[in-house]
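What follows is a short report on a single structure.
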Number of protein chains: 2
Amino acid sequence: MEIALSALHGRWTTLVIREFLQGDRTFTELRHALPALSDKVLSDRLAHLTEAGVLDRHRHRHRQPGWPPRVRYTLTAHGRRLGPVLQALWDWGAQHRPPPPAGTR
Amino acid sequence: MEIALSALHGRWTTLVIREFLQGDRTFTELRHALPALSDKVLSDRLAHLTEAGVLDRHRHRHRQPGWPPRVRYTLTAHGRRLGPVLQALWDWGAQHRPPPPAGTR
DNA sequence: CTGTATCCTGAACGATACTG
DNA sequence: CAGTATCGTTCAGGATACAG
């Protein structure tokens with residue numbers, strides 16, 4: 001159970017995964033989809049999730065020996081199983097409309 | 001969905017909730033169940049979870065006007081709904097035995 | 001007993017520059 | 001294009017002391 005938490009650590013991680021639930025992505029696609037993340041953090045998340053077995057990294061060697069490098073990330077089977085789990089978490093959060101405007105507090 | 005994440009923020013929060021899934025608890029009971037948490041962090045978590053509508057705080061005025069103060073925390077209905085969600089998360093984590101001992105890395 | 005106040009440390013985050 | 005290196009900032013977390 002600590003495993004799940006360590007795999008998902010970081011406050012952006014779930015949003016990254018959320019992107020992948022709609023299909024595979026490249027680094028720049030993610031960069032545009034999540035402008036709030038700096039390159040470093042995005043890079044960290046991708047590396048971490050790859051290590052955790054949630055993502056797979058595929059290098060598509062295009063034509064030149066190394067130019068331009070095309071790297072595509074996809075969810076692993078294990079990562080895809082995370083979909084319903086995160087969905088449940090989001091649903092739970094959406095269920096709750098905390099009404100602490102004035103009277104209670 | 002950010003709501004769920006903010007409600008659960010902090011790496012000890014889910015373990016605290018886990019305690020509550022087995023029944024209500026007092027401050028000292030939690031302190032013994034989770035020795036890794038300092039008073040401050042435990043206090044922070046309880047306050048945060050109470051604000052988030054996951055826990056309820058009940059003061060049992062014992063006999064003296066204020067001594068000893070007995071405070072008991074219980075899950076709210078909303079908090080109880082978190083049970084299956086966290087269970088799913090833990091199951092997911094338990095499913096994965098990451099085998100990165102030598103060869104792969 | 002049930003916390004809060006204070007201070008400190010370390011990790012995560014964020015921005016920018018730079019490399020393969 | 002896809003990152004890494006470096007640096008500074010911010011914030012959660014840990015320890016201790018103290019208060020209601």
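Sequence lines set the chain letters: A, B, ... in the order given, protein chains first and strands last, and positions in each chain run from 1.
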Qualifying salt bridge (Lys or Arg N to Asp or Glu O under 4.0 Å) pairs, either residue in residues 72-94 of chain A, two or more places apart: A:Asp24-A:Arg72, A:Glu29-A:Arg72
Heavy-atom protein contacts under 4.0 Å, nucleotides 3-13 of chain C, coded B base, S sugar-phosphate only, - none: SBBB-----SB
Global bending angle along the helix from C:dC1-D:dG20 to C:dG20-D:dC1, which compares the axes of five pairs at either end, to 10 degrees: 50°
Nearest atoms (heavy-atom pairs only) where [X] meets [Y]:
| X | Y | value |
| --- | --- | --- |
| B:His78 | A:Trp92 | O-NE1, 2.9 Å |
| A:His48 | A:Ala7 | CD2-O, 3.8 Å |
| B:Thr13 | B:His9 | OG1-O, 2.6 Å |
| A:Leu82 | A:Leu8 | CD2-CD2, 3.9 Å |
| B:Phe20 | B:Thr74 | CE2-N, 4.3 Å |

Spacing of [X] atom [atom1] relative to [N] atom [atom2], expressed in whole Å:
| X | N | atom1 | atom2 | value |
| --- | --- | --- | --- | --- |
| B:His60 | C:dT2 | NE2 | C1' | 13 Å |
| A:Leu55 | D:dG3 | CG | P | 11 Å |
| B:His58 | C:dT2 | NE2 | P | 14 Å |
| A:Leu42 | C:dT16 | CG | P | 16 Å |

Residues B:Arg31, B:Thr28; criterion side-chain contact (heavy atoms from CB on, under 4.5 Å); working and verdict: CA-CA 5 Å; B:Arg31 179 144 56 184; B:Thr28 33; 3.6 Å; yes
Residue pair A:Leu55 / A:Thr76, side-chain heavy-atom distance below 4.5 Å: no
Phosphate-side-chain proximity, A:Thr28 and D:dA2, N/O vs OP1/OP2 below 4.0 Å: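 A:Thr28 to D:dA2 OP1/OP2: side-chain N or O found under 4.0 Å.
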